[in-house]
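Reading through the structure tokens given below for one structure.
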Amino acid sequence: MAEPTGGNRNYEKVDWENLLEEIEDMGKRERQAIRSNIVIVLLHLLKWQFQPEHRTGSWAASIAEYRRRILDSLDDSPSLKSAIADGLEKCYQSARKQAHQETGLALNLFPPECPYAVEEILNDDFLP
């Protein structure tokens with residue numbers, strides 16, 4: 001199909017309902033991806049804090065990499081910052097359970113509520 005020329009667009013032929021659904025789905029995928037990256041950062045921050053004897057450059061590199069991914073997503077879509085704040089406790093609970101499973105440490109050793117502020121989670125210089 002040829003592109004309209006001269007700025008004339010035939011908006012009557014646009015499937016608006018489908019287009020809006022696709023945009024909404026894109027937003028959901030972006031929020032899901034950023035929350036997944038938050039879980040990974042939280043998981044490694046917990047392991048870093050509660051297993052200091054096992055700290056490695058690999059953990060630090062993983063934290064840095066997933067922070068970078070989050071910040072890149074926020075650069076592309078600043079509105080996603082609210083997705084972080086809105087989903088932080090759910091992400092933390094996932095990370096807390098996974099930290100318990102991966103480390104073998106008692107679940108109650110990890111704080112019941114997220115001990116890190118969003119600013120700390122995204123700060124390259126922050127390690128607990």
Side-chain angles (χ1 to χ4, degrees):
M1 188 162 103
E3 229 0 81
T5 59
N8 295 329
R9 307 234 190 260
N10 191 347
Y11 293 110
E12 292 173 14
K13 291 186 177 184
V14 173
D15 181 350
W16 291 106
E17 187 174 329
N18 194 22
L19 178 61
L20 292 172
E21 217 172 272
E22 285 294 319
I23 291 170
E24 187 176 305
D25 287 347
M26 273 182 14
K28 285 178 185 176
R29 285 190 300 272
E30 287 179 346
R31 285 189 300 277
Q32 184 179 31
I34 205 164
R35 287 178 179 159
S36 176
N37 290 333
I38 289 288
V39 169
I40 294 169
V41 171
L42 289 170
L43 169 65
H44 286 299
L45 289 175
L46 287 170
K47 288 167 49 174
W48 186 273
Q49 182 173 355
F50 291 95
Q51 283 194 311
E53 68 279 5
H54 295 292
R55 289 178 183 165
T56 64
S58 174
W59 282 359
S62 177
I63 292 168
E65 169 64 17
Y66 284 92
R67 281 177 170 157
R68 183 195 58 75
R69 291 181 186 193
I70 294 164
L71 294 172
D72 285 350
S73 293
L74 291 175
D75 282 347
D76 291 342
S77 301
S79 64
L80 288 174
K81 185 146 188 163
S82 66
I84 296 172
D86 294 345
L88 183 59
E89 276 308 314
K90 185 176 180 182
C91 291
Y92 176 71
Q93 293 309 317
S94 295
R96 182 178 181 248
K97 287 176 187 167
Q98 191 170 341
H100 159 66
Q101 292 165 342
E102 286 189 21
T103 65
L105 298 172
L107 183 63
N108 65 2
L109 178 67
F110 302 105
E113 294 180 5
C114 186
Y116 317 117
V118 171
E119 293 74 23
E120 292 173 323
I121 294 166
L122 300 179
N123 182 344
D124 277 337
D125 296 324
F126 172 76
L127 289 171

Check: CZ/Arg67 to CG/Leu45 distance, rounded to the nearest 0.5 angstrom?
Finding: 5.5 Å
Item checked: Backbone N/O of Gln32 and side chain of Ser36: donor-acceptor pair under 3.5 Å -> no
Next item on the list: To the nearest 0.5 Å, tell me how far Phe50 CZ sits from Leu105 CG.
Entry: 9.0 Å
Margin query: Quick check on the hydrophobic clustering: are Leu74 and Leu42 connected, directly or via other members, by side-chain heavy-atom contacts under 4.5 Å?
Written below: yes
Notebook entry, point to check: If we only count heavy atoms from C-beta on, is the Ile84 to Ile121 side-chain gap below 4.5 Å?
Noted result: no
Notebook entry, point to check: How long is the span from the OG atom in Ser58 to the NE2 atom in His44, to the nearest 0.5 Å?
Noted result: 7.0 Å
Check: Are the side chains of Gln49 and Lys47 in touch, meaning some heavy atoms are under 4.5 Å apart?
Finding: no
Notebook entry, point to check: Is there side-chain contact between Lys81 and Ile34, with at least one heavy-atom pair below 4.5 Å?
Noted result: no
Checklist line | Spatial distance of atom CG (Leu43) from atom CD (Gln98) [nearest 0.5 Å] | finding: 4.5 Å
Item checked: Results of side chain to side chain donor-acceptor pair (under 3.5 Å) for Arg68 - residues two or more places apart only -> Glu65, Asp72
Next item on the list: Mind checking the CG-CG spacing from Leu71 to Leu122? Nearest 0.5 Å is all I need.
Entry: 5.5 Å
Notebook entry, point to check: Do Val118 and Ile63 belong to the same hydrophobic cluster, where Ile, Leu, Val, Met, Phe, Trp and Tyr are linked whenever their side-chain heavy atoms lie under 4.5 Å apart, directly or via other members?
Noted result: yes
Check: Has the side chain of Gln93 got a donor or acceptor atom that lies under 3.5 Å from a matching backbone atom of Pro112?
Finding: yes
Note to self: Is there a path of hydrophobic side-chain contacts, each under 4.5 Å between heavy atoms of I/L/V/M/F/W/Y residues, joining Leu80 to Val39?
What the structure shows: no
Item checked: Side chains of Phe110 and Thr103 in contact at under 4.5 Å (non-hydrogen atoms) -> yes
Notebook entry, point to check: Rounded to the nearest 0.5 Å, how far apart are SG of Cys114 and CG of Leu88?
Noted result: 4.5 Å
Notebook entry, point to check: Any donor-acceptor pair under 3.5 Å linking the side chain of Arg96 with the backbone of Leu107?
Noted result: yes
Notebook entry, point to check: According to the interplanar angle, ranging from 0 to 90°, do the rings of Phe126 and Tyr116 count as parallel (below 30°), tilted (30 to 60°) or perpendicular (above 60°)?
Noted result: perpendicular
Next item on the list: Please name the pair of heavy atoms, one in Trp48 and one in Pro128, separated by the smallest distance, quoted to 0.1 Å.
Entry: CD1-O, 3.2 Å
